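Fair warning: this is a prediction, and the values are worked out from it, not measured in the lab. Start at 1 and go down the list; that is how both ligands and their atoms are numbered.
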Amino acid sequence: MSTSTTSTTPPQAVLTPYITTSQINARLDTLADELNADYAGQSVVLVSVLKGSFMFLADLIRRLTFDCTVEFVRLASYEGTSSTGSVKPVDLSLPVLKDKHVLIIEDIVDTGLTLNMFLEYLKSVHQPASIKIAVFLDKKAARQHAITPHFVGFDIQDQFVVGYGLDADGRYRNLPEVCILEQPSGS
Ligand code: XMP
Ligand code: MG
């Protein structure tokens with residue numbers, strides 16, 4: 001029988017708990033109240049930005065009481081723990097959104113580059129009736145593009161975080177809480 005153990009922590013990376021699951025659940029309840037009040041009686045298309053927003057979407061949507069459908073796009077701007085400075089539209093396939101109410105669901109807004117690019121794309125190509133943004137985390141101190149999300153789960157410090165869907169090179173998405181990732185120097 002093997003005696004090896006498995007861990008989600010690669011050698012040397014340090015994870016410091018930052019937002020607990022009970023804090024997340026409590027905030028999702030109040031965030032959903034805000035959304036349910038704002039969109040009461042309307043039909044809304046949730047557009048979830050993969051991959052990072054999958055857990056936020058899954059937990060948020062089951063608290064929503066208004067009529068909604070879900071679409072997914074896939075955008076990528078990060079390599080490791082830093083932005084590449086450009087957004088790669090991995091998959092932008094969407095149905096016709098003209099005259100629909102669109103709510104973008106995103107894991108985190110950091111520099112604002114990703115949402116800035118995606119907003120411009122949606123406005124020019126799809127011309128929805130309205131576009132609002134719900135983000136799980138808002139890292140305001142890192143902002144380089146004028147993006148103000150309408151709904152925010154938590155404001156966070158300018159530190160690289162993982163867990164609850166957020167990753168570093170694909171890892172840590174499975175963590176149920178948000179942790180600060182401290183990379184060893186030189187990595
Ligand atoms: P921008 O800079 O375009 O960043 O607003 C948005 C995308 O970058 C990723 N990102 C992070 N991912 N921890 C992560 O796991 C972070 O602290 C972080 N900051 C930015 C994320 O994919 C987001 O959609
Ligand atoms: Mg993302």
Would you confirm whether Q23, through its side chain, and T20, through its main-chain N or O, come within 3.5 Å as a donor-acceptor pair? yes
G112: numbered ligand 1 atoms lying under 4.0 Å from its heavy atoms: 1 (P), 2 (O), 5 (O)
Parallel, tilted or perpendicular: which fits the ring planes of Y164 and F136, with parallel below 30° and perpendicular above 60°? tilted
Tell me which one of I108, L113, D138, L166 gets a heavy atom nearest to atom 21 (C) of ligand 1. I108
Heavy-atom contacts with T114 under 4.0 Å: which atoms of ligand 1 show up? List them by number with element. 1 (P), 3 (O), 4 (O), 6 (C), 7 (C)
Under 3.5 Å between some N or O of ligand 1 and some N or O of V161? yes
Can you tell me if H145 has a non-hydrogen atom under 4.0 Å from ligand 1? no
Looking only at atom types and distance, does a side-chain atom of H150 sit under 3.5 Å from a main-chain N or O of I133, one as donor and one as acceptor? yes
For D107, counting its heavy atoms only, list the atoms of ligand 1 lying under 4.0 Å from any of them. 21 (C), 22 (O), 23 (C), 24 (O)
Atom CD in E177, atom CD1 in I19: separation rounded to 0.5 Å? 10.0 Å
For ligand 1, which atoms, with element, lie under 4.0 Å from some heavy atom of E106? 24 (O)
Close side-chain approach of I104 and L122, heavy atoms under 4.5 Å: yes
Who are the side chain to side chain donor-acceptor pair (under 3.5 Å) partners of R74, not counting sequence neighbours? none
Taking D107 for its side chain and L166 for its backbone only, find out whether a donor-acceptor pair lies under 3.5 Å. no
Could you work out, for atom 20 (C) of ligand 1, the closest of L50, D110, V87, I156 by heavy-atom distance? D110
Out of all atoms in ligand 1, which are within 4.0 Å of some heavy atom of Q159? Include the element for each. 17 (O)
